[in-house]
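Quick caveat: nothing in here was measured; it's all calculated off a predicted structure.
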Amino acid sequence: MPSTPSGNRVAVVDCNNFYATCEQVFDPSLRGRPVVVLSNNDGCVIARSAEARALGIPMGAPAHLLMSLFRRHDVVLRSSNFALYADMSRRVMQVLREATPELEVYSIDEAFLRIPSFALDDPARWGKALRTRVLRWTGIAVSVGIASTRTLAKIANRLAKHASEDGVWVLEDDEETLRVWLSRIRVEEVWGIGPRMARILHRHGIHTAWDFREAPADWIRAHFSVTGARTQMELRGRPTTGLLPDPPPRKSLRSGRTFPHPVTRFSTLREAVAAFAARVGERLREESAVAGRLGLYLSTGPHRDPSHRISDMVWIRLPVYTDATPLLIQAAHHLLEAMYRKGFGYKKAAVMTDDLYPRDRFPQPLFPSDPRIARWRQISAAMDRINQTWGRDTVRWAITGIHRNWQSRRQRLSPAYTTRWSDLPRASTLFRPRGRGRFRPRNGGEDRALFPDQGGAEWRL
DNA sequence: TCTGGGGTCCTAGGACCC
DNA sequence: TCTGGGGTCCTAGGACCC
């Protein structure tokens, strides 16, 4: 099939069934079996292996409703193990980074890539080579969608998953090709069109991606603002944004949980909220950022009686831009005292910060700030260093609780294969894709012991 | 007995200013 | 005290994403 070389080609590379695949890579006994990864509290299905998908297990379904199905088909259940997935993600992205001059990491399992100019003549071949390389070096199968805009590339990626033999799809953007393929994509499957937009569109007889592309532009703009207009432009082959190779600075940070049981006691809530605030502090310092506002969210979850239902969110301005954990905890507790209502069973809580600035150039306060804050910063940073060396929560603030019975159930957790020494798999159990592949060491450092042989064929794309 | 966690962007509307 | 035009900044909340 001849392809038209084009100066503007974007690929989206997306890991297939990412969490489930990560579990299978490190536990060979899971390969070929239906594997389901569960959300926090082992609550609902957030990932399925191909085998589990084939059983008709729906995404997002509450796990307890599916227990008999799980038993009948001997489905393997796993609690989500984000330390493992994040580490595997980093490895995949590293392989991608070596294959393109421009890469935007879009999510834990997905990235946008600019196709290198030498590959523009035959992007499909390049895509296949890339896919092979990722599979051999990480054990993760990916799908590659290639087109002239991100939105079209996302559609190409769907086609790669569902209509292609080799996991790669190049979607040309001539009128005829687009008419054929966009007519087969339901409008709610288009990136950027959610349930609300879809409802309105269906009411107006717009059911497919092609219908949406062909709808009057001013009507789209009037009903769905610039967001909808941009999506339409992209479906017409006109890019509306470039890639963002350097991740832009974060604008907000949050930490929170759904509790395994409703929490009524103030003291328990106080512990949990302190722990979330402490986690936000850690993240701020990791990102070298300071926050100007802090918010607290409390919710009882859905309740039969609306008078027993709470879903509150309150923000306060911090006295200074800060990343000092004690100050964040104080602020969160201040909000909690104002918001807490006796007699309610709280199911969720979260601490969030926004108005973030880089630490080295944040707005200076008019008056010198409390000298204790500098001290708190030092203590927080010292605790970070200890925890980085010896593992998360080696030292922590006493107020964040000892027993922590508000914490999630994670009864089916896989080992931290790649990030905890004691959980390293033995060489004999290691996954060896195609018999010859090896994992690449991420930095020539700690996993050299795990993957001593980093040789293998030279790869050229 | 339930149904995760963490983000971004856009718009409307109020407060405030000249 | 009233009038109007024109602007900025901030925040809440909705919608969407993975």
Determine: side-chain N/O of [X] to OP1/OP2 of [N], distance under 4.0 Å, yes or no.
X       : N       : result
N41(A)  : dG4(B)  : no
S252(A) : dT8(B)  : yes
R283(A) : dG7(B)  : yes
K154(A) : dC16(C) : no
T258(A) : dG5(B)  : yes

Secondary structure of DNA chain C per the Watson-Crick/G-U criterion (both distances under 3.5 Å; [ ] crossing, | other strand, . unpaired) is ....||||||||||||||

Can you tell whether the side chains of [X] and [Y] come within less than 4.0 Å, N to carboxylate O?
X       : Y       : answer
E287(A) : R283(A) : yes
E110(A) : K154(A) : yes
D354(A) : R293(A) : yes

When you measure from the centre of the six-membered ring of Y19(A), is the NZ or CZ of R78(A) closer than 6.0 Å and no more than 45° off the axis? no

(request) Remember a base hit wins even if backbone is also touched, and classify M352(A) as base, sugar-phosphate or nothing at under 4.0 Å, heavy atoms. (result) nothing

Remember a base hit wins even if backbone is also touched, and classify L253(A) as base, sugar-phosphate or nothing at under 4.0 Å, heavy atoms.
->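 Touches sugar-phosphate only.
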
Scanning both residues in full, the closest heavy-atom pair of G401(A) with R396(A) reads O-NH2, 3.1 Å

Not counting sequence neighbours, list each pair that qualifies as a ring-ring contact (aromatic ring centres under 6.0 Å, His included) and has a residue in residues 228-263 of chain A.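 Every candidate ring-ring contact (aromatic ring centres under 6.0 Å, His included) pair involving residues 228-263 of chain A fails, so no pair, neighbours aside, qualifies.
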
Given protein heavy atoms under 4.0 Å, the one-letter contact record of nucleotides 9-14 of chain C, with B base, S sugar-phosphate only and - none, is simply ---S--

Base orientation of dC2(B), chi within 90° of 0 counted as syn, else anti, reads syn

Name the orientation class of the two ring planes belonging to Y346(A) and F344(A) (parallel below 30°, tilted from 30 to 60°, perpendicular beyond 60°). tilted

- With ring centroids as reference points, do W191(A) and F112(A) lie under 6.0 angstrom apart? yes

